[in-house]
Amino acid sequence: MARKKTPLPFHENVEITDAAAEGKCIARINEKVVFVPMAAPGDIVDIQIVKKRKSYLEGKITKFHTYSSQRRDPICSHFGLCGGCKWQHISYENQLINKQKQVKDNFDRIAKVEIGKFFPIIGVENEYYYRNKLEFTFSDRRWLTNLDTPKEKGGHQNTNGLGFHLPGMFDKILDIDHCYLQKEPSNDIRLAIKEYALEKGLEFYNVRNHEGFLRNLIIRTSSTSELLVILIFRYDDIDIAEILQNISDKFPVITSLMYVVNEKNNDTIWDLEIKLFKGKPYLFEEMQSPVSNNDALKFKVGPVSFYQTNSLQAFKLYKAAFDFADFKGDELVYDLYTGTGTIAAFIANSVKKVVGIEYIEQAIEDAKENASLNNINNIEFFVGDMAKILTPEFINENGKPDVIITDPPRAGMHEKVVKQILLAEPKKIVYVSCNPATQARDIALLSEKYDVVKTQPVDMFPQTHHVENVALLIKR
Ligand code: SAH
């Protein structure tokens, strides 16, 4: 006889208290944290526990008693299935409040340091169409939704789709009708390509058996109205020229039309040849200078180069860092994790010299090109792993920094890097972070010699839980 499983607990009238990572919210039941999707802080709900872990639970809402006042109707018809905008059901004002709280909580819980001034978060002007880069995937078996006609009524004849992965699912693609993340003609281009492919009977990719022709589509828009489009195919074929010509005729606004033949089973393209069909193999981004409204910095962005995905907010983030640093003009500044050298270029004219460090060689090549494009010649770039490159010898050779700007990836800084910064003893550290938890952890270590004078959260990604935060640390 099969043994009966003990049913997982069910709880009534539970209050959702906070917003958390991955777009989930938190409730507390008997001192235990429960992660709940599709909730908003302030909801009163019944929760069915669906998973029990050692330190937390996962639950599902079975009934709403009270809807939170933070809620609003999501604008997008794909909300709930698509992983792109999980906070769309929370008003933008409340998204900002939740993000501010996330930064504050991390500093209270992890850094446990006094913060001189905690500035209110800088929000966006337009909460939609803010991304300059999107990547879509073709699938011969799109995820079927209740918008699809059921099979009995003649539906499911054709299950080709072009859109985004369902959250955490490598093989499930949600066909996208209108996406609110990127300005036009992003939607128009995607829909036109899909229509053409369906009309011509071109094969959409199947990620399980790796068959099919059309694989991915990347669209990069820019502040200069230049537009870069890359289509990725599984194999070389005469249809490629035809489809690209069709896109080019329909969208003369495309300034770079490129394609890749990816015969591998994975989707990465940085390791493959990116072929140019029409236009130039890059586009330009422009960013206002921090010291003049009339001057702009120009950045050359190649098909796989990194550039901050929300260009308008990137300016605000860098400006916050720049204002915190309060340069006098004679400083030696280290820009750690410099990427394509955007922060280095942004501050170069206001300081004596910048030393930029980054471990991706291609990024440093772009960084050098961007510096010369803007007639900047006081930045020196170095390639290498931060923990290995930033040593007392390096500092001896390149000079003791007056200011260190650091902008590490989500994992934060390696402990060795934090130790080197403490040894280098710059007067100021400006810590730009995309993850307040690791920022707080690193700042706890830096607080041995530094005071946190002020912090400025910045929102770069509306409708998501992501938040950036700039902190100014001054040596005691
Ligand atoms: N400051 C840049 C990029 C920040 S993203 C900008 O605003 O555009 C973080 C950067 O750190 C990435 O470019 C990544 O390649 C780099 N990076 C990550 N780990 C690193 C390491 N261990 N050593 C050096 N650079 C690293």
Side-chain angles (χ1 to χ4, degrees), residues 122 131-133 220 222-223 268 270-271 284-290 297-302 304-322 324-325 333-348 351 354-371 373-374 376 379-391 394 398 401 403-421 429-436 438-439 441-442 456 458-461 466-471:
I122 298 174
R131 283 184 70 99
N132 56 30
K133 181 182 168 192
R220 295 186 89 144
S222 71
S223 55
T268 56
W270 56 264
D271 48 349
F284 284 107
E285 270 292 352
E286 266 180 13
M287 184 183 278
Q288 193 189 313
S289 135
L297 289 151
K298 260 193 154 188
F299 297 109
K300 189 170 149 183
V301 182
V304 291
S305 307
F306 175 80
Y307 191 79
Q308 293 278 354
T309 37
N310 184 339
S311 319
L312 278 173
Q313 288 307 97
F315 168 76
K316 293 189 187 160
L317 181 74
Y318 293 172
K319 184 69 167 55
F322 179 86
F324 273 12
V333 184
Y334 279 21
D335 178 29
L336 308 185
Y337 310 90
T338 192
T340 46
T342 32
I343 294 181
F346 194 75
I347 63 168
V351 304
V354 189
V355 168
I357 309 175
E358 157 68 42
Y359 74 176
I360 295 182
E361 220 169 307
Q362 181 59 45
I364 288 296
E365 273 168 37
D366 290 348
K368 285 180 180 163
E369 207 171 332
N370 284 330
L373 191 70
N374 291 291
I376 295 168
I379 315 178
E380 201 170 342
F381 290 108
F382 295 86
V383 185
D385 179 6
M386 200 63 64
K388 294 203 181 106
I389 208 167
L390 194 69
T391 58
F394 181 90
N398 294 284
V403 179
I404 288 184
I405 297 181
T406 183
D407 181 12
R410 288 188 62 74
M413 295 194 279
H414 193 290
E415 217 178 305
K416 276 190 188 159
V417 178
V418 177
K419 283 202 176 122
Q420 283 310 320
I421 295 177
I429 302 167
V430 180
Y431 193 145
V432 182
S433 165
C434 54
N435 183 351
T438 53
Q439 183 185 38
R441 178 202 68 200
D442 294 346
Q456 173 68 71
V458 179
D459 183 26
M460 308 268 277
F461 303 107
H466 292 288
V467 58
E468 319 283 313
N469 187 47
V470 186

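Order of listing sets the numbers, starting from 1, for every ligand and every atom in it.
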Is there a donor-acceptor pair closer than 3.5 Å between any side-chain N or O of [X] and the backbone N or O of [Y]?
| X | Y | result |
| --- | --- | --- |
| Asn435 | Pro409 | no |
| Gln439 | Tyr431 | yes |
| Ser223 | Glu286 | yes |

Within the 4.0 Å heavy-atom shell around [X], which atoms of ligand 1 are there?
| X | result |
| --- | --- |
| Ile360 | 15 (O) |
| Asp385 | 21 (C), 22 (N), 23 (N) |
| Phe306 | 8 (O) |
| Thr342 | 6 (C), 7 (O), 8 (O) |

For ligand 1, is any non-hydrogen atom under 4.0 Å from [X]'s backbone (N, CA, C, O), its side chain (CB onward), both, or neither?
| X | result |
| --- | --- |
| Thr338 | backbone |
| Gln308 | side chain |
| Tyr307 | neither |
| Asp407 | both |

Which heavy atom of the protein is the closest neighbour of [atom], given with residue, atom name and distance?
| atom | result |
| --- | --- |
| atom 15 (O) of ligand 1 | Glu358 OE2, 2.7 Å |
| atom 23 (N) of ligand 1 | Met386 N, 2.9 Å |
| atom 21 (C) of ligand 1 | Tyr359 CD1, 3.4 Å |
| atom 3 (C) of ligand 1 | Tyr337 O, 3.6 Å |

Evaluate the ring planes of Tyr307 and Phe299, with Trp represented by its six-membered ring, and classify them as parallel (under 30°), tilted (30 to 60°) or perpendicular (over 60°).
tilted
Check the pair Thr406 / Val417 against side-chain contact (heavy atoms from CB on, under 4.5 Å), numbers first and verdict last.
CA-CA 10 Å; Thr406 183; Val417 178; 5.8 Å; no
For the CD atom on Glu415, are there more than 12 heavy atoms of other groups (residues, nucleotides or ligands in this structure) within a distance under 6.0 Å?
no
[X]: heavy atom below 4.0 Å from ligand 1, yes or no?
| X | answer |
| --- | --- |
| Tyr318 | yes |
| Pro409 | yes |
| Gly384 | yes |

When you measure from the centre of the six-membered ring of Phe284, is the NZ or CZ of Lys298 under 6.0 Å away and within 45° of the axis?
yes
Any side-chain heavy-atom pair of Thr309 and Phe461 under 4.5 Å:
yes
Just to verify, which of Asp335, Val458, Asp407, Leu336 counts as forming a side chain to side chain contact (heavy atoms under 4.5 Å, CB included) with Val432?
Asp407
When you look at Ile405 and Thr338, which way does the side-chain contact (heavy atoms from CB on, under 4.5 Å) test go after all the steps?
CA-CA 9 Å; Ile405 297 181; Thr338 192; over 6 Å; no
